Amino acid sequence: MAHDDAAARTKKVSELIADERQAMLTTTAPDGTLTSRPMAVQEAEFGGDLWFFAEAGSRKVQHLAHDPQVNVAFSSSDSWVSLTGRASVVRDPAKKRELWNAVVEAWFPDGKDDDGIVLLRVDGDSAEYWDSPGGRVATALSFAKAKVTGEQYSGGDNAKVDLP
């Protein structure tokens, strides 16, 4: 039964991020400072892998050489996902061509064969999600109900997930 629950929670994480194209990637600088920046998600292969394009000489790539532990955060109008894992720099021309698209080309106009462009692969270890079906209106109604009844606000569905 526990395996079925874990599989269902992993599937839930996958569903919550399936249509998300933007995420916040947090890395750790050599001095220990956390740095977050928006990144365009190229592919989410759940079980837990995420792919991003980056400049080979960028600070994020330098940070990963020091400490590959990352956090990737997703947010929509009714759900949030925080995924932790380890990132690696991938220099695979075939994978770059596979993931290349018009949005990426806007950021990297020299094209997919530019050696200064690398892929970042995040292998997810775990995730936590919060899902409030119905969005802001349902959340506001739940807050009002909690206030009137004196019961604690539930916040919707929340779970921690160990990714395969």
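Since this is a predicted model, take the numbers as computed values, not measurements.
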Subject >> Backbone of Glu20 reached by a side-chain donor or acceptor of Gln22 within 3.5 Å >> reply: no
Original post:
Do the non-hydrogen side-chain atoms of Leu119 and Val89 ever get within less than 4.5 Å of each other?
Top reply: no
Original post:
Do the non-hydrogen side-chain atoms of Asp131 and Trp80 ever get within less than 4.5 Å of each other?
Top reply: no
Subject >> Flag, side chain of Arg121 to backbone of Val90, donor-acceptor distance under 3.5 Å >> reply: no
Original post:
Looking at side-chain heavy atoms only, is the closest gap between Leu64 and Val70 below 4.5 Å?
Top reply: yes
Original post:
What's the verdict on side chain to side chain contact (heavy atoms under 4.5 Å, CB included) for Thr28 and His63, showing C-alpha distance, side-chain angles and the deciding distance?
Top reply: CA-CA 6 Å; Thr28 305; His63 290 182; over 6 Å; no
**OP:** Answer yes or no: is there a side-chain heavy-atom contact under 4.5 Å between Lys96 and Ile117?
**Re:** yes
Subject >> pair Arg97-Pro93: side-chain heavy atoms closer than 4.5 Å >> reply: yes
Original post:
How many angstroms lie between CZ in Arg21 and CG in Asp19, if you round to the nearest 0.5 Å?
Top reply: 7.0 Å
Original post:
Closest approach of Ser36 and Met24, non-hydrogen atoms and distance?
Top reply: CB-CE, 3.9 Å
**OP:** Count the heavy atoms belonging to other residues, nucleotides or ligands that lie under 6.0 Å from CZ of Arg59, then report whether that count exceeds 12.
**Re:** no
Original post:
Can you list the steps and then say if Glu15 with Lys12 is a salt bridge (Lys or Arg N to Asp or Glu O under 4.0 Å)?
Top reply: CA-CA 5 Å; Glu15 290 170 355; Lys12 178 74 169 184; 5.2 Å; no
Subject >> Between Ser126 and Thr84, a side-chain donor and acceptor under 3.5 Å >> reply: yes
Original post:
To the nearest 0.5 Å, how far apart are OG1 in Thr10 and CG in Leu163?
Top reply: 5.5 Å
Subject >> Arg91 to Ala56 - nearest heavy-atom pair and separation >> reply: NH1-CB, 4.0 Å
**OP:** Write down the atom of Val41, the atom of Phe52, and the distance for their closest heavy-atom approach.
**Re:** CG2-CE2, 3.7 Å
**OP:** Compare all side-chain heavy atoms of Tyr129 with those of Ser82 and state whether any distance is below 4.5 angstrom.
**Re:** no
Original post:
Would a distance-only check, ignoring hydrogens and angles, find a side-chain to backbone donor-acceptor pair under 3.5 Å from Asn71 to Leu83?
Top reply: yes
**OP:** Let me see the working for Gln42 and Val104 under side chain to side chain contact (heavy atoms under 4.5 Å, CB included), right down to the final yes or no.
**Re:** CA-CA 9 Å; Gln42 299 309 310; Val104 175; 3.3 Å; yes
**OP:** Specify the closest pair of heavy atoms between Val161 and Arg9, including all atoms of both residues, with the distance to one decimal.
**Re:** CG2-CB, 3.5 Å
**OP:** Decide yes or no for Val122 and Asp49: does some side-chain heavy atom of the first lie under 4.5 Å from some side-chain heavy atom of the second?
**Re:** no
Original post:
Between Ser79 (side chain) and Ser76 (backbone), is there a donor-acceptor pair under 3.5 Å?
Top reply: no
Original post:
Are Trp107 and Trp51 in one and the same hydrophobic cluster, where Ile, Leu, Val, Met, Phe, Trp and Tyr link if side-chain heavy atoms are under 4.5 Å apart?
Top reply: yes
**OP:** Would you check if the side chain of Arg37 reaches a backbone N or O of Thr35 as a donor-acceptor pair within less than 3.5 Å?
**Re:** yes
Subject >> Closest non-hydrogen atom pair, Ala23 against Phe74 >> reply: CB-CE2, 3.6 Å
Original post:
OG1/Thr27 to NZ/Lys60 distance, rounded to the nearest 0.5 angstrom?
Top reply: 8.0 Å
**OP:** Could you check Leu99, Val118, Asn101, Leu120 and say which one makes a side chain to side chain contact (heavy atoms under 4.5 Å, CB included) with Phe53?
**Re:** Leu99
**OP:** Mind listing the closest non-hydrogen atom pair of Val61 and Ala54 along with its distance?
**Re:** CG2-CB, 4.2 Å
Original post:
Roughly how far, to the nearest 0.5 Å, is the CD atom of Glu105 from the CG atom of Asp110?
Top reply: 10.0 Å
